[in-house]
There are 2 protein chains.
Amino acid sequence: MLYAGFMSAAPPSAPTPQEPAESPQLLQLGLDDDEPCLRADAARNRARLLEAAAGLVAARGADAVTMEEVAAAAGVGKGTVFRRFGDRTGLLMALLDHSEKKLQAAFLNGPPPLGPGAPPAERLRAFGRAALRRTVEDLNLQLAAEPDAGRRFTVPPYRVRHHHVSMLLRQAVPDADCDVLAHTLLTQLDPALVHHLMHQCGMPAQRLEDAWTDLVDRITGTTA
Amino acid sequence: MLYAGFMSAAPPSAPTPQEPAESPQLLQLGLDDDEPCLRADAARNRARLLEAAAGLVAARGADAVTMEEVAAAAGVGKGTVFRRFGDRTGLLMALLDHSEKKLQAAFLNGPPPLGPGAPPAERLRAFGRAALRRTVEDLNLQLAAEPDAGRRFTVPPYRVRHHHVSMLLRQAVPDADCDVLAHTLLTQLDPALVHHLMHQCGMPAQRLEDAWTDLVDRITGTTA
DNA sequence: CTGCAAAGCGGACCCCGGTCCGCATTGTGT
DNA sequence: ACACAATGCGGACCGGGGTCCGCTTTGCAG
């Protein structure tokens, strides 16, 4: 039962038939809410927990909040939190779920240049810009939600991003090892790195966006 | 006192006057041992702890070993471990220190193509190859030693590597944002990623080396 | 050799994430 | 309406990382 609560972050919203294999087997026409079918009380508690957690995090910062506090604030027992969200990371990721899904929707079905329709290199540039901006929005939470080293790359949101970038790369530079290259690109959007560069090195957000663009240019060979 | 024990991993061995600013102010002619000047008993305990830790880790795997066990095996109190090494990560990093220092020495003063003398792009390729191989050697330990998100980029060994790669990049592609680019390159050597690619995706080590080479080529523009 | 400050020691202690299991709630079939 | 699985609940409990502070050891100065 270690992974409970992770499904909340996984599935993108809809298939996109216009481009080859845009989102493969993990399609699932998304009703906005997740969690297959929860018993009435369970659903209520889940909602309460998310609300309580959001409140506490907003008030005191993510890593000053303990799981027990969240449980108490939601008026449920500690066990309930863990059963629903698996672990601390799971709860925190659930808080980010909505915003992540919005981004996913945007690059999976949204309008170009983020969504399908634009040339791959341009979609890549747009993707980085969008992801970067979203990351900057609530860096702290995202930092606290970072899963431990062992799971960083297996967590659903990351997989979706990787799949997407990998696909765009295959279109732009068919002769490269796009799977690995996609990871390389994605690590430049890693909250921990963004935090380091902005808050510890004092770089402005713009510079990160520029660096992303430059990297995409170098990798794809395009210079636009 | 949070950072105690981290100096053990920091300083490279010697300045290299033959190349511009090879290792800037953090030069310090290195006697092989570190830890400024430890009281007799302290030094003895430190050694015992490292030995005990190494033994336990080798025997049962890094993350099956508790700090208390290490302390007990070394015949000292728990507090001593933490005073000496700061935290769990600190202890684990200390175990890796020797091997890391060897690598540092190799790319700071060693013979080309790793050390000074070869053209920067080639040094970069050699660096990745060497770092990758070292990482693969004791992946588990390295995985367990990974510091939490907040410190990943401020920990001395990383800084040294970053400084080095950054410098080589500045020589190879003066017009790029080498500071950021260096981070991007380095993340491809991250133990967590290497683990993921090799053990969860089943890639052979050779493929990672090739991917590194390819990435360096793309970024520097060289194709050798 | 002796005295004394500084450095080090160690284990009791705290905290928090995560688990477990006996009990309560649900909702379904009849 | 009732019974009875199945699902969920919650708080006691555990383990391990990290801290603290009264005591010991060290080593220097006289």
Side-chain angles (χ1 to χ4, degrees), chain A residues 1-7 35-50 52-53 56-57 60-94 144-151, chain B residues 1-7 35-50 52-53 56-57 60-94 144-151:
Chain A
M1 206 286 270
L2 270 166
Y3 285 84
F6 275 4
M7 43 305 196
E35 296 302 330
C37 49
L38 238 32
R39 226 171 69 173
D41 52 352
R44 193 200 51 201
N45 284 340
R46 182 183 145 86
R48 280 190 189 169
L49 279 168
L50 284 175
L56 285 174
V57 164
R60 315 212 312 261
D63 39 29
V65 173
T66 96
M67 298 301 270
E68 212 150 5
E69 279 175 334
V70 175
V76 306
K78 199 181 180 181
T80 304
V81 189
F82 286 96
R83 189 169 346 89
R84 195 57 46 196
F85 297 99
D87 60 5
R88 187 185 164 83
T89 291
L91 173 60
L92 263 15
M93 290 210 322
E146 189 125 310
D148 60 286
R151 287 194 209 156
Chain B
M1 208 284 271
L2 269 167
Y3 285 84
F6 274 4
M7 43 306 197
E35 297 301 330
C37 49
L38 239 33
R39 227 172 67 173
D41 52 351
R44 193 199 51 202
N45 285 339
R46 182 184 145 88
R48 280 190 190 169
L49 279 168
L50 283 175
L56 286 174
V57 164
R60 316 213 310 262
D63 40 30
V65 173
T66 98
M67 298 300 271
E68 213 151 5
E69 279 174 335
V70 175
V76 306
K78 199 179 177 181
T80 304
V81 189
F82 286 95
R83 188 168 349 89
R84 197 57 46 198
F85 297 99
D87 60 5
R88 186 184 165 82
T89 292
L91 173 59
L92 264 13
M93 289 208 324
E146 188 124 310
D148 59 286
R151 285 191 215 159

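Proteins get letters first, then strands, A, B, ... in listed order; numbering begins at 1 in each. Atom set for the values below is all heavy atoms of this structure, side chains included, hydrogens, waters and symmetry mates excluded.
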Under the rule for side-chain hydrogen bond (donor to acceptor under 3.5 Å, both in side chains), what residues qualify as partners of [X], not counting sequence neighbours?
X: A:Glu68; result: none
X: B:Arg60; result: B:Glu69
X: A:Arg39; result: A:Asp41

Value in whole Å for how far the [atom2] atom of [N] lies from [atom1] of [X]:
X: A:Asp148; N: C:dC16; atom1: CG; atom2: P; result: 20 Å
X: B:Arg83; N: D:dG17; atom1: CZ; atom2: P; result: 17 Å
X: A:Leu49; N: D:dG8; atom1: CG; atom2: P; result: 14 Å
X: B:Phe82; N: D:dT19; atom1: CZ; atom2: P; result: 8 Å
X: A:Lys78; N: C:dC15; atom1: NZ; atom2: P; result: 13 Å
X: B:Arg84; N: D:dG18; atom1: CZ; atom2: P; result: 17 Å
X: B:Arg48; N: C:dG10; atom1: CZ; atom2: C1'; result: 14 Å
X: B:Phe85; N: C:dG10; atom1: CZ; atom2: P; result: 14 Å

Do the side chains of [Y] and [X] get nearer than 4.5 Å, heavy atoms only?
X: B:Leu49; Y: B:Met67; result: no
X: A:Arg151; Y: A:Thr89; result: no
X: B:Arg46; Y: B:Val76; result: no

Legend entry - Listed nucleotide nearest any side-chain atom of B:Val76, set C:dG18, C:dG10, D:dC9: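 The closest nucleotide is C:dG10.
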Scan nucleotides 24-26 of chain D against the protein and return all N/O pairs shorter than 3.5 Å with their distances rounded to 0.1 Å.
unit_1: D:dT25; atom_1: O2; unit_2: B:Arg39; atom_2: NH1; d: 3.1
unit_1: D:dT25; atom_1: O2; unit_2: B:Arg39; atom_2: NH2; d: 3.1

Inset, instruction - Might you point out which heavy atoms bring B:Leu91 and B:Phe85 nearest each other, and give the distance in Å? - result: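 Nearest heavy atoms, B:Leu91 then B:Phe85: N-CB, 3.6 Å.
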Legend entry - Distance, nearest 0.5 Å, that separates CE of A:Met93 from CD of A:Glu146: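 Answer rounded to 0.5 Å: 10.5 Å.
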Legend entry - Strand-adjacent residues in residues 63-74 of chain B, judged by heavy atoms under 4.0 Å from DNA chain C: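 Close to the strand, none.
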Inset, instruction - Would you mind telling me which residue lines up with the more 5' stretch of DNA chain C, A:Arg88 or B:Ala42, judged by nearest nucleotide? - result: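 That would be B:Ala42.
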Legend entry - A:Ala73: partners by side-chain contact (heavy atoms from CB on, under 4.5 Å), with sequence neighbours left out: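 With neighbours one apart ignored, the set is A:Ala52, A:Leu56.
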Inset, instruction - Report yes if a side-chain nitrogen or oxygen of B:Asn45 is closer than 4.0 Å to either non-bridging phosphate oxygen (OP1 or OP2) of C:dG8; otherwise report no. - result: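 Indeed not, no polar side-chain atom of B:Asn45 lies that close.
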